[in-house]
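Structure, as structure tokens:
Letters go in sequence order (proteins before strands), and every chain restarts at 1. Quantities reported herein were computed from a predicted structural model and do not represent experimental measurements.
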Amino acid sequence: MLHVDMDQFLAAVELLRRPELRGMPVVVGGRGDPTERGVVSTASYEAREFGVRSGMPLRTALKRCPDAVFLPVDFPVYEAASERVMATLRAHPGAVVEVLGWDEAFVGVETDDPVATAHALRAEVLAATDLHCSVGVGDTLVRAKIATDFGKPQGTFMLTRDNWLEVMGDRPTTALWGVGKRIAARLSAVGIETVAQLASAPEDVLVGGFGPSMGPHYGRLGRGGGRSTVDDTPWVARAHGHERTFQTDLVDVAEVEAAVHDLAAAVVADLRREGRACQRVHLKVRFAPFFTFTRIRKLTEPTYDASVVAATALDLLRGLDDDRPIRLLGVRGEMVPPEGGY
DNA sequence: TCTGGGGTCCTAGGACCC
DNA sequence: TCTGGGGTCCTAGGACCC
């Protein structure tokens, strides 16, 4: 199967409508003001040369690259571009497309020459959207997904059972899709530093450290194993949420209540669009300095009433009994599962 | 350096039931 | 004294991804 990932997607879409910025360092994130609280969504390759990365605070990006052009995130435009990309992939004969996010998808297709198919897909996407992508070829989802990184930018790379350990064996476990800093540290604590070590780690060590489900899962990941078929079943959301980071921390009770009401109203609007009522309310609060709480409450009956959602969230907030300034508030509504479950 | 906003899935532990 | 066994539901929180 193949994994298609757009190159510097948000920045590339912005460059389509601002060609005069081509060749300059461009950073897309937040409201486009690098002195505000916010993070980098995508940096152009020129900006990456200055050390600017996704997820980095905008203020840090500004320090690293003072001459960068900072642009606000414009969701509808990226959504439209994403749909053009996905439609192009689906139009490829025989393609089964599993969308992973705005800018990436797995594509399953029967072919004797997957690399040629990868080149064809890249050309089709470029022709239809003026956007470049990279493609990974693999015999499992994990291998295809990781292969794409080696193809970037504008390239193709193949990762299979045959070259997996040769390419990945000496790399740190964080090179794997699904292993972050924390899991890597726990693996390190039992002497596992590299992909090859994880691949050959005794089952009982992994089960002992990570449980009967996740332990074997990490072992399989180390070997590049896992699912090998693309599933194009449409994705059904479990929940919708909204959160907001305040430019200055909230101390005023009325302001907090107003913010929770706004967030609850946005959540309920999403649920109405979905036609599925809210059955559980999640509250997320970050107090300065950087301590996040989440609280969950099941409602006695499902609701579309924003004031019920807001009142529940506020009750959860009061239950924390903490009057420190609030940096972030989030309200999430978990929906009643669809008929027949997920 | 000092943190977005949208999500998903897994685990642990307590309450409760038979 | 010193403690079954199985199950479900619920909440809190960890970890990861784009």
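The distance between atom CG of A:Leu221 and atom C1' of C:dA15, rounded to the nearest whole Å, is 13 Å. Rounded to whole Å, atom P of B:dA12 lies 12 Å from atom CZ of A:Phe210. Rounded to whole angstrom, the span from the CG atom of A:Leu299 across to the C1' atom of C:dC9 amounts to 16 Å. One can place NZ of A:Lys181 at 12 Å from P of C:dC17, the figure rounded to the nearest angstrom. Whole-Å rounding puts the A:Ile296 CD1 to B:dC10 P distance at 15 Å. Rounded to whole angstrom, the span from the CE atom of A:Met214 across to the P atom of C:dC17 amounts to 11 Å. For A:Glu79 and B:dG7, the CD to P distance is 11 Å, given to the nearest whole Å. The CD atom of A:Glu98 sits 17 Å away from the P atom of C:dC17 (whole-angstrom rounding).
Contact between the side-chain N/O atoms of A:Ser41 and the OP1/OP2 oxygens of B:dG4 is not found at any separation under 4.0 Å. Within the 4.0 Å cut-off from OP1 or OP2 of C:dG14, not a single side-chain nitrogen or oxygen of A:Arg182 is found. Phosphate proximity of C:dT11 to A:Arg295: absent, as no side-chain N or O sits under 4.0 Å from OP1 or OP2. For the pair A:His240 and B:dG6, the criterion of a side-chain N or O lying under 4.0 Å from OP1 or OP2 is not met. Put simply, A:Arg31 has no side-chain N or O that comes within less than 4.0 Å of OP1 or OP2 on B:dG4.
Nucleotides B:dC16 and C:dG4, compared at atom C1', are 16 Å apart to the nearest Å.
The nucleotide whose nearest atom lies closest to any side-chain atom of A:Lys298 is, among B:dG4, B:dT8, C:dC10, C:dC10. Among C:dG13, B:dG6, B:dC2, the nucleotide with an atom closest to any side-chain atom of A:Thr60 is B:dC2. Comparing C:dC18, B:dT3, B:dG6 by their closest approach to the side chain of A:Pro57 singles out B:dT3. Residue A:Thr245 has its side chain nearest to B:dG5 when only B:dC2, B:dT3, B:dG5 are considered. Taking only side-chain atoms of A:Arg327, from C-beta outward, the nucleotide of C:dC17, C:dA12, B:dT3 with the closest atom is B:dT3. In this structure, the nucleotide among B:dT8, B:dG5, B:dT1 sitting nearest to the side chain of A:Arg332 is B:dT8. Listed nucleotides: B:dC9, B:dT1, B:dG6. Nearest to the side chain of A:Glu243: B:dG6. Out of B:dG4, C:dT11, C:dA15, the shortest distance to the side chain of A:Ile183 is found at C:dA15. Among the nucleotides B:dT1, B:dT3, C:dC18, the one closest to the side chain of A:Lys145 is C:dC18.
Comparing A:Arg244 and A:Pro212 by the nucleotide of DNA chain B whose heavy atom lies nearest to each, the residue mapping closer to the 5' end is A:Arg244. Between A:Trp235 and A:Ser213, the residue whose closest nucleotide on DNA chain B is further toward the 5' end is A:Trp235.
Listed for the A:Tyr304 side chain is a donor-acceptor partner under 3.5 Å among the backbone atoms of A:Gly275.
Within 4.0 Å of A:Val179, counting heavy atoms only, lie sugar-phosphate atoms of the nucleic acid but no base atom. Counting non-hydrogen atoms under 4.0 angstrom, A:Gly30 reaches nothing in the nucleic acid. Nucleic acid contact class of A:Trp177 (heavy atoms, under 4.0 Å, all strands): sugar-phosphate only. Nucleic acid contact class of A:Gly241 (heavy atoms, under 4.0 Å, all strands): sugar-phosphate only. At the heavy-atom level, A:Leu176 lies under 4.0 Å from the strands shown only through sugar-phosphate atoms.
Between the side chains of A:Thr35 and A:Arg59, not a single donor N or O lies within less than 3.5 Å of an accepting N or O. Counting only N and O atoms by type, the side chains of A:Ser188 and A:Glu193 include a donor and acceptor under 3.5 Å apart. Judged purely by distance below 3.5 Å, without hydrogens or angles, the side chains of A:Asp305 and A:Thr303 never pair a donor atom with an acceptor atom. A:Glu83 and A:Tyr78 share no side-chain donor-acceptor pair at under 3.5 Å.
In this structure, A:Tyr45 and A:Asp7 have side chains that are in contact, with non-hydrogen atoms separated by less than 4.5 Å.
Cation-pi geometry between A:Arg324 and A:Phe287 is satisfied (NZ or CZ under 6.0 Å from the ring centre, within 45° of the ring normal).
For B:dG14, the paired nucleotide is C:dC9, the pair qualifying as Watson-Crick or G-U wobble because both relevant distances are below 3.5 Å.
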